[in-house]
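Proteins come first, then strands; the chains are lettered A, B, ... in the order of their sequence lines, and each starts at number 1.
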There are 2 protein chains.
Amino acid sequence: MTAGKTFLFMDTIANKVDAKGRVSLPSDYRAIVKELSTDIVCYRSLSSPCIEGCTEELLDRLASDMENSLDFFSQTQDELTNLIFGDARRFAFDSTGRIMLSEKLLKHAEITDTAVFVGKGRKFQIWNPENWAREEARIRAEVFKKRPSLKPVGGQND
Amino acid sequence: MTAGKTFLFMDTIANKVDAKGRVSLPSDYRAIVKELSTDIVCYRSLSSPCIEGCTEELLDRLASDMENSLDFFSQTQDELTNLIFGDARRFAFDSTGRIMLSEKLLKHAEITDTAVFVGKGRKFQIWNPENWAREEARIRAEVFKKRPSLKPVGGQND
DNA sequence: TTGATTCCCATGTTTTCCCATGCTATACCA
DNA sequence: TGGTATAGCATGGGAAAACATGGGAATCAA
């Protein structure tokens with residue numbers, strides 16, 4: 001990893017969840033965490049049956065945006081912070097690189113014995129294998145439908 | 001991450017209130033208090049039947065901000081802060097990590113034998129279990145309705 | 001004294017830590 | 001080029017530490 005600090009969660013990796021609920025965090029993800037001296041934070045996705053994760057640093061920035069006193073009593077903010085921070089939890093990994101996902105999260109994502117990590121740039125998701133296969137197919141179909149309207153990036157196209 | 005560490009109250013944790021009125025402060029919360037060398041301050045929430053808590057440090061900052069923003073429209077905020085400071089109290093935890101909530105606070109939140117700690121980033125709340133279950137469901141529904149207009153977390157896109 | 005608060009110890013459970021094993025990919029050597 | 005050594009990684013299991021919680025003794029106030 002370079003000094004430029006581009007940190008992206010990428011790739012799709014399936015790891016086993018053992019009897020204790022432990023899962024190896026993909027080593028690439030671990031490298032990001034170490035480099036940023038932060039921690040991984042996970043919470044239930046608002047829109048899909050999956051676990052969502054990001055760096056604590058990202059959530060901290062959100063908290064900073066919200067903490068200034070002018071908004072101290074705002075109701076919308078109140079509801080949002082309850083939902084996000086009330087659900088999120090820090091997950092430190094042990095010396096072998098594993099985190100222990102909570103019952104609540106595993107249940108929400110319908111994960112039992114295998115967890116699929118899906119990179120999303122600044123965030124990542126953790127899926128049940130079957131659900132992810134279905135979701136990926138759906139997304140691909142969706143994108144294909146919209147294809148004519150997608151602008152090529154950097155002038156490349158095919 | 002920058003020099004400053006990140007301190008966020010997160011997760012939702014249910015702890016028992018014993019016969020003496022003692023409750024374990026979640027260990028993550030305790031870690032924040034120790035790290036910042038501050039104290040926990042609690043007061044009755046102005047908007048919900050729950051106890052609200054934060055670091056004394058945060059209230060201190062709020063006080064400073066209020067001093068410096070005495071604009072024409074600040075009267076309401078002024079009154080609100082009066083309410084909070086009039087109600088707030090410091091709660092130190094003992095060697096096993098427990099605090100003793102006052103009758104006034106417990107009554108306001110309708111807490112008897114179980115207290116649910118809900119993280120809110122820089123703040124947290126303490127709820128009666130049933131009330132929190134109801135409130136969480138309400139908020140989820142509310143936020144889902146507003147979802148299209150919500151900015152993504154931390155300004156990142158996904 | 002009575003009631004309340006603080007401090008300390010005991011216990012069961014959960015979580016974290018550490019060591020061992022086997023697999024896989026990359027590098028190395030003939 | 002093919003085979004082997006090496007390092008990193010995923011995974012399993014047991015030991016140790018941390019945590020929530022209950023109860024008793026000591027301290028303080030009215």
Could you tell me the separation between the CD1 atom of B:I32 and the NZ atom of B:K34, rounded to the nearest 0.5 Å?
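Separation between the atoms: 12.5 Å.
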
Roughly how far, to the nearest 0.5 Å, is the CE atom of A:M10 from the CG atom of A:D28?
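Interatomic distance, A:D28 CG to A:M10 CE, rounded to 0.5 Å: 7.5 Å.
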
Quickly work out the [X] [atom1] to [N] [atom2] distance and round it to whole Å.
{"X": "B:F91", "N": "C:dT5", "atom1": "CZ", "atom2": "C1'", "value": "13 Å"}
{"X": "B:D113", "N": "D:dG22", "atom1": "CG", "atom2": "C1'", "value": "15 Å"}
{"X": "A:D28", "N": "C:dA25", "atom1": "CG", "atom2": "P", "value": "14 Å"}
{"X": "A:K16", "N": "C:dG22", "atom1": "NZ", "atom2": "C1'", "value": "13 Å"}
{"X": "A:M100", "N": "C:dT13", "atom1": "CE", "atom2": "C1'", "value": "12 Å"}
{"X": "A:F117", "N": "D:dA10", "atom1": "CZ", "atom2": "C1'", "value": "12 Å"}
{"X": "B:E103", "N": "C:dT5", "atom1": "CD", "atom2": "P", "value": "9 Å"}

So B:D94, base contact, sugar-phosphate only, or nothing? Heavy-atom distance under 4.0 Å.
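Contact class for B:D94: none.
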
Do any side-chain nitrogens or oxygens of B:R98 fall under 4.0 Å of OP1 or OP2 in C:dC8?
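Result: no.
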
Check whether any side-chain nitrogen or oxygen of B:S95 sits under 4.0 Å from OP1 or OP2 of C:dC7, and answer yes or no.
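The answer is no; no side-chain N or O of B:S95 sits under 4.0 Å from OP1 or OP2.
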
Within 45° of the axis and under 6.0 Å from the centre of the six-membered ring of A:F91, does NZ or CZ of A:R89 qualify?
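The answer is yes; both the distance and angle limits are met.
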
Near DNA chain C, under 4.0 Å by heavy atom, which residues of residues 17-26 of chain B?
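Those residues are B:K20, B:R22.
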
Nucleotide of D:dT11, D:dG22, D:dC19 approaching B:S27 most closely (side-chain heavy atoms)
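In terms of side-chain proximity for B:S27, the closest of D:dT11, D:dG22, D:dC19 is D:dC19.
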
Can you see whether A:E130 engages A:W132 through a side-chain donor-acceptor pair at a distance of less than 3.5 angstrom?
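Judged by distance alone, the side chains do not pair up.
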
More than 12 heavy atoms from other groups under 6.0 Å of CZ on B:R90
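Incorrect, the count does not exceed 12.
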
Show the numbers, then the answer: is there a side-chain contact (heavy atoms from CB on, under 4.5 Å) between A:K146 and A:F144?
CA-CA 5 Å; A:K146 292 178 185 165; A:F144 186 77; over 6 Å; no

